[in-house]
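Have a look at the structure below before the remarks.
Naming: A, B, ... by sequence-line order, numbering from 1 per chain. Note that these values count all heavy atoms, side chains included, but never hydrogens, waters or copies made by symmetry.
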Amino acid sequence: MEKKVRVRFAPSPTGGLHLGGVRTVLYNYLFAKQHGGTFILRIEDTDQTRYVAGAEEYIQDCLKWCDLQPDESPLHGGEHGPYRQSERKETYRQYAEQLVKQGQAYYAFDTPAELDEMRAKFKTEENPSPQYNYVIRQQMRNSLTLTADEVKSLLSEGTPHVVRVKMPDNDMVSFTDMIRGEVSFNSSLTDDKVLLKADGMPTYHLAVVVDDYLMKITHAFRGEEWLPSAPVHILLWKYLGWSDDMPQWAHLPLIMKPDGHGKLSKRDGDRLGFPVFAMNWTDPRTNEITKGFRELGFLPEAFVNMLAVLGWNDGTEQEIFSIEELIERFSLEKVHKSGAKFDFEKAKWFNHEWIKKAPVSSYKLQVERLFEANGIIIEDESKFERVLELVKDRCTLLTDFVHQASFFFKAPRTLDLASVKPKWNEDKAMFFDILSEKFTVLEEWNTADIEAIFKQTAAEKNIKIGELQLPFRIMLVGEKFGPAVFDIAALIGKEETINRIRFALTQF
RNA sequence: GGAGCGUUGGUCAAGGGGUUAAGACACCUCCCUUUCACGGAGGAAUCACGGGUUCGAUUCCCGUACGCUCUACCA
């Protein structure tokens, strides 16, 4: 019988949630939903020195915004908790001890200074980063080189020590990656990774294996940067006797900087002027705010869609996918092997498409808040929706609505006179004078009637419509942009239209 | 230095032994609109290089180059 699919996203709460992290969440989520499985959020907070207040809540909030919520997490609970590794501290030691007993791991008493010394001593041009490996360990202070009595007394004295895995000196470790296929490594090339730190906390290497086992994870997705340490994890699964339960691995391609090379980092976003984090992140130490996609005006649907196709596509020409479609179509086999450079222009295109596609009601509230922040209070909700509907084609970001729609609620204070004045004359002034009078007595106020009167009057005065539309636009909008002028007039109302014409006439 | 992984236009990418090598973003030209967009029509790639295998390779194999990741008591 097939095991029930259980996947996990296991971030370290050290700061803002990176784009790549969200994509890993997404792939986990899609895979879980597609297989009727369970998506788990596990917090990997084993490094106390890197603890950042608020980072965990922030991650949960990001998942909530993206609507990629876990089924089990520190917040949602579940039967395999706790879901914070710091709260599982006691469970790891026994496994480390088991490995020591079995001879597959050992105690090491080397101090950080001694490790530095070792690296300095063995460092050569050929070997710039000497490893604590099967050769070097013979010259260090550990339970392999010390006598049993020495080890016993060091331990009983409470000497700080770590537990390191004893990597075989010549073993081929291979496994099948769901994205890359067969991958193999020689065990001698990997160092004796620390499993349990001197403070009693496990390192990632031990924790990921123990927790994936205990939490019955069936498929483990993570970034490609983990590939080189995969043999350690594979060996640990074997040594602990859990080989049959080992999850299937999938190492995801990295998201790269748009210029140059390398992994995309927060710094690149700052440098190139685009967000890297899902939502605004405030560093609790410096109070420095890093802009997020949400605050910049992205729709979560667009953000998720954009991330989904950054490294994956279903083989068709389709690019816009709803979450339901993604759940249906997603497949690991079609995930790319190589990294993709992040393109903010394309990301904005996705958002534009989603703004056009999504019902205005789904983002109305957010835009309303943006308006409030700009001093415009919306009183007529139905008018507001009609306005958004009318201008959404020209909004790439939610924040664009402020510029594209403010004039519907607030008369422009300054008019683009330069676009009108050169061609302005008495006849045109007279036209608008007559027009506003005709408007005054107009009973029906709608686009068709406004346009009809406008054209009729123009014909009477023998002026070309085109010559009149631009000034009219400047009167109503203040600048050269926006939807059809007659639609604007219809929406802002008769009185307001006339007021704006009268005011503009004093300026032209 | 070593190991692993990768390499189709500026970017995302489809395809995969015989094709005019899709599509999208960005860019340029034009049409539409006497606003700004939307929309529409066009423009640009011998698939990193060198060897094989083959009647034939961008597609398979091997090298080379280049890139990335890792090489911490960080994840």
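In this model, the phosphate group of B:rC5 is not approached by any side-chain N or O of A:S338 to a distance below 4.0 Å at OP1 or OP2. A close approach under 4.0 Å does occur between a side-chain nitrogen or oxygen of A:K334 and OP1 or OP2 of B:rG15. Applying the 4.0 Å criterion to OP1 and OP2 of B:rG2, one finds that A:K123 has every side-chain N and O outside that range. Under 4.0 angstrom from either OP1 or OP2 of B:rG39 there lies at least one side-chain N or O belonging to A:K356. Between A:H336 and B:rA14 there is a side-chain polar atom (N or O) within less than 4.0 angstrom of OP1 or OP2. Side-chain nitrogen and oxygen atoms of A:R50 include none within less than 4.0 Å of the OP1 or OP2 phosphate oxygen of B:rA75.
Checked against the 6.0 Å centroid threshold, A:F454 and A:F472 count as a close aromatic pair. Taking the six-membered ring wherever Trp is involved, the centroid distance between the rings of A:H233 and A:Y204 falls below 6.0 Å.
Across B:rC61 and B:rU53, the matching C1' atoms stand 7 Å from one another, rounded to whole Å. The same atom, C1', is picked in B:rC31 and in B:rA37; the two are 16 Å apart, to the nearest Å. Look at the C1' atom in both B:rG15 and B:rU8: the space between them is 10 Å, to the nearest Å. When the C1' atom is used for both B:rC36 and B:rA45, the distance is 34 Å, rounded to whole Å. As rounded to the nearest Å, B:rC70 and B:rC74 have C1' atoms that lie 13 Å from one another. A distance of about 13 Å separates the P atoms of B:rA44 and B:rA21, rounded to the whole Å. Distance check on atom P: B:rG56 versus B:rG18 gives 14 Å, rounded to whole Å.
When the C1' atom of B:rU35 is taken as reference, atom CE of A:M475 falls 15 Å away, rounded to whole Å. Atom CG in A:N127 sits about 10 Å away from atom P in B:rG2, given to the nearest Å. Residue A:F274 contributes atom CZ, which lies 12 Å from atom C1' of B:rU11 at whole-angstrom precision. Nucleotide B:rA24 holds its P atom 18 Å from the CH2 atom of A:W312, rounded to whole Å. A:K337 places its NZ atom 13 Å from the P atom of B:rA13, with the value rounded to the nearest Å. Spacing between atom NZ of A:K263 and atom C1' of B:rG6 amounts to 16 Å, rounded to whole angstrom units. If you take CZ of A:F350 and P of B:rA26, they are 11 Å apart, rounded to a whole angstrom. The nearest whole Å value for the distance from the CZ atom in A:F401 to the C1' atom in B:rA37 is 12 Å.
Within a 6.0 Å radius of NZ in A:K197, more than 12 heavy atoms belonging to other residues, nucleotides or ligands are found.
With a 6.0 Å cutoff to the six-membered ring centre and a 45° limit on the axis angle, A:K421 does not count as a cation-pi contact of A:W424.
In terms of polar N and O atoms assigned as donor or acceptor, the side chain of A:R394 never comes within less than 3.5 Å of the base of B:rC38 in a complementary pairing. Applying the 3.5 Å distance criterion, the base of B:rA72 shares no donor-acceptor pair with the side chain of A:K193.
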Kindly give the atom pairs (protein nitrogen or oxygen, nucleotide nitrogen or oxygen) under 3.5 Å for nucleotides 32-34 of chain B.
none

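Checked against B:rU71, B:rC74, B:rA24, the side chain of A:D191 finds its nearest nucleotide in B:rU71. Among the nucleotides B:rA72, B:rA3, B:rC73, the one closest to any side-chain atom of A:F185 is B:rA3.
Comment: A:D110 does not engage A:R141 in a salt bridge, judged by the lack of any side-chain N to carboxylate O separation of less than 4.0 angstrom. The pair A:R180-A:E224 meets the salt-bridge criterion, since a charged nitrogen lies less than 4.0 angstrom from a carboxylate oxygen. A salt bridge links A:D47 with A:R50; the closest basic N to acidic carboxylate O contact falls under 4.0 Å. Comment: A:E97 engages A:R93 in a salt bridge, judged by a side-chain N to carboxylate O separation of less than 4.0 angstrom. Electrostatic pairing of A:R386 and A:E389 does not count as a salt bridge here, judged by no charged N lying under 4.0 Å from a carboxylate O.
Here the options are A:V210, A:V165, A:V208, the test is side chain to side chain contact (heavy atoms under 4.5 Å, CB included), and the partner is A:L236; only A:V165 passes. When each of A:R137, A:R164, A:K166 is paired with A:D192, the side chain to side chain donor-acceptor pair (under 3.5 Å) condition holds for A:R137 and for no other.
Among the atoms of the strands shown, base atoms are found under 4.0 Å from some heavy atom of A:G482. Contact annotation for A:R119: backbone-only contact, meaning every heavy-atom pair under 4.0 Å involves sugar-phosphate atoms and none involves a base.
The aromatic rings of A:Y213 and A:W237 stand perpendicular to each other, their planes meeting at an angle above 60°, with 30° marking the opposite boundary.
Secondary-structure annotation of RNA chain B gives the stems B:1-7 with B:65-71, B:10-12 with B:23-25, B:27-31 with B:39-43, B:48-52 with B:60-64, with a stem taken as at least 3 successive Watson-Crick or G-U pairs whose two distances both fall under 3.5 Å.
Annotated as syn: B:rC38, whose O4'-C1'-N torsion sits within 90° of 0.
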